*Asks:* 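Following this message is one structure expressed as structure tokens.
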Amino acid sequence: MAEINGPHDGGSEPDYRFTLANERTFLAWLRTALGLLAGGVAVHQLVPDPSALSTVLAGLCVVLAAVLAASAYPRWRQVQTAMRAGRPLPKSGMLLVLTAGILVITLTAAALVVFS
């Protein structure tokens, strides 16, 4: 069997439902990134009397959005390649990163509400 280097190389064609589910997951990561980006821009533009805390909150949203957007395609590619090769799906650290990032953003937003 030829080595599989990309999401469309060699192996066997995965069931289209799994391929489409992988694509939907990729798009969900991008939607989440866009939502975080919009939240960061909204905080930056709409918070009256911006403080250091609101700037930190906006920055956290934008940084987490960038991390998610940058990791979405590599994750899609890894999963697609594994499915094509018949290998187990790779583990992802992004679930922990997203969970921790949302927790930090939530705590920062709570602090902004309490202290403003």
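Given the structure is predicted, the values throughout are model-derived calculations rather than measurements.
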*Asks:* To check you understand the geometry: which heavy-atom pair defines the closest contact between Ser54 and Val43, and what is its length?
*Replies:*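 Taking Ser54 first and Val43 second, the nearest heavy atoms are O-CG1, 3.4 Å.
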*Asks:* Could you report the tightest heavy-atom contact between Pro88 and Ala82, atom names first, then the distance?
*Replies:*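 The pair with the smallest heavy-atom distance is O-CB, 3.7 Å.
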*Asks:* For the residue pair Val97 and Leu64, establish whether any side-chain heavy-atom pair is separated by less than 4.5 Å.
*Replies:*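 Yes; the side chains approach each other to less than 4.5 Å.
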*Asks:* Consider only side-chain heavy atoms of I, L, V, M, F, W and Y, link residues closer than 4.5 Å, and tell whether Val79 and Leu98 are in one cluster.
*Replies:*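 No, no single cluster joins them.
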*Asks:* To check you understand the geometry: which heavy-atom pair defines the closest contact between Ala33 and Leu68, and what is its length?
*Replies:*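 Between these two residues, the closest heavy atoms are CB-CB, 4.0 Å.
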*Asks:* How does the hydrophobic cluster around Tyr16 look, that is, which other residues are in it when side-chain heavy atoms under 4.5 Å mark a link?
*Replies:*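 Listed partners: Leu20.
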*Asks:* Is His44 close to Cys61 at the side-chain level, that is, under 4.5 Å between some pair of heavy atoms?
*Replies:*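 A side-chain contact under 4.5 Å is absent here.
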*Asks:* Kindly work out whether a path of hydrophobic side-chain contacts (I/L/V/M/F/W/Y, heavy atoms less than 4.5 Å apart) joins Leu34 to Trp29.
*Replies:*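 Unlinked, Leu34 and Trp29 end up in two clusters.
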*Asks:* Sequence neighbours left out, what passes side chain to side chain donor-acceptor pair (under 3.5 Å) with Gln78? Give chain and number order.
*Replies:*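 Residues passing side chain to side chain donor-acceptor pair (under 3.5 Å) with Gln78: none at all.
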*Asks:* Hey, are the side chains of Arg84 and Glu13 touching, using non-hydrogen atoms and a 4.5 Å cut-off?
*Replies:*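 Arg84 vs Glu13: side chains touch.
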*Asks:* Using the test ring pair (Phe, Tyr, Trp, His ring centres under 6.0 Å), find all partners of Tyr73 that sit at least two apart in sequence or belong to another chain.
*Replies:*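 By the ring pair (Phe, Tyr, Trp, His ring centres under 6.0 Å) rule, Tyr73 matches Trp76.
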*Asks:* Same cluster or not: Leu60 versus Leu46, using hydrophobic residues (I, L, V, M, F, W, Y) connected whenever any side-chain heavy atoms lie under 4.5 Å apart?
*Replies:*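 Different clusters: Leu60 never reaches Leu46 through Ile, Leu, Val, Met, Phe, Trp or Tyr contacts under 4.5 Å.
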*Asks:* Once you round to the nearest 0.5 Å, how far does CG of Leu103 lie from CG of Leu107?
*Replies:*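 Those atoms lie 4.5 Å apart.
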*Asks:* To the nearest 0.5 angstrom, please state how far the CZ atom of Arg75 sits from the CD atom of Gln80.
*Replies:*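 Rounded to the nearest 0.5 Å, the CZ-CD separation comes to 12.0 Å.
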*Asks:* Could you walk me through whether Phe26 and Leu30 satisfy the side chain to side chain contact (heavy atoms under 4.5 Å, CB included) test, starting with their C-alpha distance in whole Å, then the side-chain angles of each, then the deciding distance to 0.1 Å, before giving a yes or no?
*Replies:* CA-CA 6 Å; Phe26 166 73; Leu30 291 181; 3.5 Å; yes
*Asks:* Check whether Met94 and Val104 end up in the same hydrophobic cluster, where Ile, Leu, Val, Met, Phe, Trp and Tyr are linked by side-chain heavy atoms less than 4.5 Å apart.
*Replies:*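 Yes: a chain of side-chain contacts under 4.5 Å links Met94 to Val104.
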*Asks:* Could you tell me which non-hydrogen atom of Leu112 sits nearest to which non-hydrogen atom of Ser51, and how far apart they are?
*Replies:*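 Shortest heavy-atom contact: CD1-OG, 3.8 Å.
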*Asks:* Please identify which of these residues, Val62, Ile102, Val41, meets the side chain to side chain contact (heavy atoms under 4.5 Å, CB included) condition with Leu36.
*Replies:*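 Result: among Val62, Ile102, Val41, Ile102 is the only option passing the side chain to side chain contact (heavy atoms under 4.5 Å, CB included) with Leu36.
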*Asks:* What are the two closest heavy atoms between Ala58 and Gly40, and how far apart are they?
*Replies:*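 It is CB-O, 3.3 Å.
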*Asks:* Are any of the side-chain heavy atoms of Asp15 and Met83 separated by less than 4.5 Å?
*Replies:*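 SC-SC contact between Asp15 and Met83 ruled out.
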*Asks:* Could you pull out the closest heavy-atom pair between Arg24 and Arg17, with the gap in Å?
*Replies:*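 Reported closest heavy-atom pair: NH2-O, 4.4 Å.
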*Asks:* Can Leu37 be reached from Val56 by stepping across I, L, V, M, F, W or Y side chains whose heavy atoms are under 4.5 Å apart?
*Replies:*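 Cluster IDs for Val56 and Leu37 differ.
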